[in-house]
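Heads up, the thing below is written out as structure tokens.
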Amino acid sequence: MIKLWLLVLMVLSNGFSSTGAGMHNSTIPDSVSIGALFSFNTTVGRMVKLAIEAAVEDVNSDPSILVKTKLNISLQEDSKYQGFLSISEVLQVMARHTVAIIGPQTSTTAHVITHIANELQVPLLSFSANDPTLSSLQFPFFIRTGPNDLYLMTAIADFVNYYGWKDVIAVYVDDDNGRNGISALGDKLSERRCKISYKAPMSPGATREEITDLLVQVALAESRIIVVHTNTNWGPKVFSVAKHLGMMGAGYVWIATGFLSAILDIDSPLSSDVMDEIQGVITLRMHTPDSELKRRFISRWKNLAAHNNGDSPLGLSPLGLYAYDTVYVLACALDTFFEQGNSITFSNDSKLSTLHGDNLHLEALKIFNEGSLLRKSIHDINIIGVSGQFKYTSGGDLVNPAYEIINVIGTGSRRIGYWSNYSGLSVVPPEALYSKPVNHSNLSQKLLPVIWPGDTTQKPRGWVFPNNGRLLRIGVPKRVSYQEFATQIQGTEYFKGFCIDVFISAVNLLPYAVPYKFIPYGDGQNNPSDTELVRLITTGEFDGAIGDITITTQGTKMVDFTQPFMETGLVVVAPVRQSDSNAWAFLAPFTPTMWGVTASFFIFMGAAIWILEHRVNDDFRGPPKKQVVTVLWFSFSTMFFSHRENTVSTLGRFVLLIWLFVVLIINSSYTASLTSILTVQQLSSPIKGIESLINSKDPIGYVQGSFVRNYLVQEIGIDASRLIPLKTPEESSEALKKGPQKGGVAAYIDERAYIELFLSTRCDFTIVGPEFTRNGWGFAFPRDSPLAVDLSTAILQISENGDLQRIHDKWLLSRACLSQGAKLEVERLNLRSFWGLYLLCGLSCLLALFIHLIQIMRQYIKHHSHELEATNQSSGSRSSRLRTFVSFMDEKEETVKNRSKRRQMERISNRSNEGGSSINSNKGYASSTRSGFANEA
């Protein structure tokens with residue numbers, strides 16, 4: 001393929017000679033030839049030419065770079081500006097033995113000549129050909145010295161997402177740069193759940209009439225967010241036509257890529273007519289950090305522009321800064337290249353030598369043998385230039401790409417923020433955020449206020465209904481049952497019902513007109529499937545669906561639902577019968593377990609109080625028979641708070657206080673439950689709720705076409721063979737009356753909204769058990785439809801102002817069946833409701849008994865120690881000691897204390913008597929001794 005291109009296009013370069021910079025024998029040559037391919041006759045080209053020439057002059061005069069070598073720049077005019085025809089110009093540059101080429105200006109040309117650069121291994125450095133696809137491995141010798149348009153499109157996608165818009169329209173030139181740039185924009189938008197809803201390509205040579213026809217189609221589209229991706233030649237024409245068509249007014253959002261910021265920078269000041277055509281437009285400019293190098297170059301630029309451009313104004317855009325840095329980067333790479341001991345050599349291309357032709361001078365094209373080494377030196381560069389840090393990532397892009405977001409207002413423009421791939425949208429320069437942690441949260445994304453087209457600061461909605469006369473096709477389920485919600489008026493195209501009135505009321509609150517028509521869905525003989533109706537929205541058959549459509553998980557995966565306008569859930573309906581009271585109705589409030597535990601606690605608490613009071617209270621003493629009667633009487637009399645025995649011990653009063661609180665709660669609960677049983681009509685049913693149905697094998701009815709069947713099978717796990725589809729309320733009623741024994745159903749499951757209507761005229765059935773799902777009804781629209789959002793807001797409004805309730809009362813308020821005031825078998829009170837009280841009471845009682853036991857043991861040790869000694873001396877039997885301890889516990893505490901005092905006095909008296917006898921005996925002994933001594937004398 002490359003050979004064919006060269007063969008065809010060499011004819012265009014028939015006149016060029018093979019002269020050029022010769023090869024040097026020394027390692028470091030005196031000069032190096034580089035080329036520049038650009039359309040220098042354009043305003044952008046003139047600016048780039050000045051920047052390149054200034055950079056070459058600075059490099060050649062800089063003693064720290066290429067000390068022994070001078071750069072020779074060859075400026076080649078890309079006059080054709082068409083890519084294919086530009087090959088002749090690049091071949092002329094290649095034939096001069098250039099080691100690198102700066103350019104071209106456009107991505108279209110770059111796509112063509114990169115094949116030649118790859119073949120001859122000559123690096124191609126471009127700061128303006130920003131097509132994202134040029135970074136592929138297909139073009140190894142294409143080196144990007146400016147930001148990749150992939151980041152530009154990411155910035156636009158973040159801007160669109162920041163304001164909550166979902167659809168954009170792309171207007172672009174249908175060339176490589178336009179198509180690939182818009183493709184990258186579509187990818188980045190889809191990552192943010194946005195999309196390009198309409199693409200409007202125009203030919204590279206489009207006339208004003210063609211642009212007008214194109215923008216007329218754009219005006220008929222729904223979205224009002226328009227991204228213009230073109231060049232400096234065609235961009236102003238697009239805005240001029242848009243202004244003429246009235247498309248620069250309020251409601252529109254125009255986002256221009258870098259071409260508009262380049263025009264504002266280079267051709268400023270623009271005429272008032274041109275500025276009037278771009279008021280409120282958003283554009284992006286490549287951000288270059290502020291530095292001393294940049295400020296010196298900008299100051300120098302004024303003199304350069306005045307000297308070389310005469311009286312015509314020539315501003316400086318970031319492209320000029322990147323052009324200047326491109327030359328410096330190439331010079332630094334060559335300096336490193338020579339320091340590594342490399343030399344510049346060229347050789348013939350063996351592939352070209354096989355091509356023959358009388359007029360083809362193919363011998364002039366040489367392969368740069370060290371091209372790969374120079375390319376590596378360029379990719380390894382890391383310098384600070386006038387545009388900021390110049391360093392490459394592993395993917396071949398410059399590090400830290402960033403853009404300024406510009407809002408065109410008045411006679412100039414205003415910067416409203418920045419974008420960088422590091423921090424996203426911000427109002428501070430990106431370089432100030434590089435030292436901080438990465439934060440892409442929604443709260444960190446900020447921009448200054450924008451003045452939009454139409455001189456308004458209010459954020460545009462971003463879309464309108466297309467002005468093409470087409471009505472929205474709104475699907476309405478045509479059900480056989482419950483037509484109070486939505487039904488078609490016989491013989492007309494009109495619909496009525498609760499859901500229809502809600503939709504119309506919500507639409508009337510929208511700040512714009514919504515052209516629509518209702519389309520019935522269903523044959524009128526069977527209930528249609530909500531899931532299938534929602535699926536048809538995704539295929540485009542319907543633009544939306546309204547009615548009693550349940551919001552389900554499966555549905556939300558296909559469409560967007562509005563705010564629910566009706567809360568509902570699945571319930572179970574079953575036949576019921578009236579329960580009559582009987583002679584044992586007074587036992588019904590408590591379950592048998594509850595009765596047993598309560599009676600046990602009465603006896604237990606009576607025994608506990610007797611133990612705590614027995615030793616200190618005469619009311620709890622006496623013969624055993626009397627004490628048993630006292631315990632039983634005291635315990636059960638507390639139920640009515642009529643106990644006559646007083647408690648005197650602290651522990652007894654503590655336990656009794658807690659027990660009386662428990663009795664109060666039990667009495668109150670029993671009284672309330674018994675009152676309900678005796679005064680309210682009771683209904684009974686063998687079905688207690690969804691749990692009963694799961695454990696049984698009886699058939700279950702459901703409304704045909706609803707989501708109930710899938711839910712019961714997939715989520716609940718009920719066998720599909722048990723489910724019976726029922727079309728109408730009458731059919732459901734008949735199936736419930738028959739029951740499972742006669743071919744009917746044991747229960748009927750449907751949404752509460754339907755069941756309330758169903759039971760309003762059928763007193764033989766009732767709802768059993770609680771709702772086992774929580775759902776709602778909503779209107780369905782395609783994914784990311786702005787109408788779903790606006791209608792949700794309108795539904796909230798009619799809910800707050802009372803219109804929703806009035807619509808509900810109009811269609812759904814009916815006289816309830818008399819049995820609806822009855823209760824379905826009052827739930828008996830069980831132990832689960834009171835175990836906390838019993839636990840608290842029991843623990844308190846055990847604690848008091850434990851403390852009481854410790855007190856008795858201390859008294860026993862203190863007041864009965866002499867008996868312990870006697871017992872130990874007389875017998876070591878454990879049973880004897882236990883009987884002694886039990887006898888001590890049975891004694892009254894006052895008696896024990898009196899006996900202990902008496903014994904203590906007796907011991908004191910005995911010790912006194914024994915002391916007197918001892919003194920008298922001592923006196924007699926002394927007298928007899930003295931008499932003995934006297935006799936001896």
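Side chains are part of it too, since the values below use all heavy atoms of this structure and drop only hydrogens, waters and symmetry mates. Everything numeric in this text was worked out from a predicted model, so none of it was measured.
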Considering only NZ, NE, NH1 and NH2 on the basic side and carboxylate oxygens on the acidic side, decide whether [X] and [Y] come within less than 4.0 Å.
X: D380; Y: K376; value: yes
X: D158; Y: K188; value: no
X: K68; Y: D30; value: no

inquiry  = Less than 3.5 Å apart, any donor N or O on the side chain of T345 or N369 sitting next to an acceptor on the other?
reply    =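 Yes - a donor-acceptor pair under 3.5 Å links their side chains.
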inquiry  = If we count only N and O atoms by modelled type, under 3.5 Å, do the side chains of S33 and N72 hold a donor and an acceptor together?
reply    =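 On atom types as modelled, these side chains do not qualify, holding no pair under 3.5 Å.
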Look at the side chain of [X] and the backbone N and O of [Y], then say whether any donor-acceptor pair between them is shorter than 3.5 Å.
X: R179; Y: D174; answer: yes
X: K195; Y: K166; answer: no
X: S261; Y: L284; answer: yes
X: D267; Y: L270; answer: no
X: N118; Y: Q138; answer: yes
X: K70; Y: N60; answer: yes
X: S128; Y: P104; answer: yes
X: Q105; Y: S126; answer: no
X: T69; Y: P29; answer: yes
X: N161; Y: G164; answer: no

request  = Please confirm whether F159 and W419 have ring centers closer than 6.0 angstrom.
outcome  =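 No, the ring of F159 stays outside the 6.0 Å limit from the ring of W419, centre to centre.
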key: Aromatic ring proximity Y403/Y418, centre distance under 6.0 Å   =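 No, the ring centres sit 6.0 Å or more apart.
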Distance-minimising heavy-atom pair for [X] and [Y]:
X: T154; Y: R192; result: CG2-NH2, 3.6 Å
X: K366; Y: L120; result: O-CD2, 3.7 Å
X: L447; Y: S426; result: CD2-O, 4.3 Å
X: I416; Y: P449; result: CG2-O, 3.8 Å
X: L314; Y: A305; result: O-CB, 3.7 Å
X: P140; Y: L137; result: CD-O, 3.6 Å

Any heavy-atom pair between the side chains of [Y] and [X] that's under 4.5 Å?
X: N407; Y: R415; answer: no
X: S420; Y: L433; answer: no
X: T98; Y: I34; answer: no
X: R46; Y: L50; answer: no
X: V171; Y: H229; answer: no
X: I255; Y: V160; answer: yes
X: N180; Y: M153; answer: no
X: Q121; Y: E370; answer: no

CA sep, side-chain torsions, deciding dist, call: K294, T288, side-chain hydrogen bond (donor to acceptor under 3.5 Å, both in side chains) = CA-CA 9 Å; K294 179 180 176 181; T288 54; 2.7 Å; yes
Using 30° and 60° as the class limits, which term best fits the ring planes of [X] and [Y]: parallel, tilted or perpendicular?
X: Y163; Y: W452; answer: perpendicular
X: H111; Y: F139; answer: perpendicular
X: F38; Y: F127; answer: parallel

ask   = What's the verdict on side chain to side chain contact (heavy atoms under 4.5 Å, CB included) for D265 and R285, showing C-alpha distance, side-chain angles and the deciding distance?
value = CA-CA 9 Å; D265 292 334; R285 174 195 293 142; 2.9 Å; yes
ask   = Just wondering, more than 12 heavy atoms not from K49 lying within 6.0 Å of its NZ?
value =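 Open.
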inquiry  = For residues 53-67, which residue pairs pass the salt bridge (Lys or Arg N to Asp or Glu O under 4.0 Å) check, not counting sequence neighbours?
reply    =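 Sorted pair list: D58-R300.
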message = Show me the pairs that pass salt bridge (Lys or Arg N to Asp or Glu O under 4.0 Å) and involve residues 316-341, at least two apart or across chains.
response =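 Every candidate salt bridge (Lys or Arg N to Asp or Glu O under 4.0 Å) pair involving residues 316-341 fails, so no pair, neighbours aside, qualifies.
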Distance (rounded to the nearest 0.5 Å) between [X] [atom1] and [Y] [atom2]:
X: I101; Y: I113; atom1: CD1; atom2: CD1; value: 6.5 Å
X: T230; Y: K237; atom1: OG1; atom2: NZ; value: 9.5 Å
X: Y392; Y: I143; atom1: OH; atom2: CD1; value: 6.0 Å
X: H115; Y: L124; atom1: NE2; atom2: CG; value: 11.5 Å
X: I226; Y: I169; atom1: CD1; atom2: CD1; value: 5.5 Å
X: T326; Y: I52; atom1: OG1; atom2: CD1; value: 7.5 Å

query = Under the side-chain hydrogen bond (donor to acceptor under 3.5 Å, both in side chains) criterion, do D131 and N177 qualify, and how do the steps go?
reply = CA-CA 5 Å; D131 183 355; N177 184 61; over 6 Å; no
key: L316/I298 under side chain to side chain contact (heavy atoms under 4.5 Å, CB included): CA gap, chis, key distance, verdict   = CA-CA 8 Å; L316 177 64; I298 292 175; 4.0 Å; yes
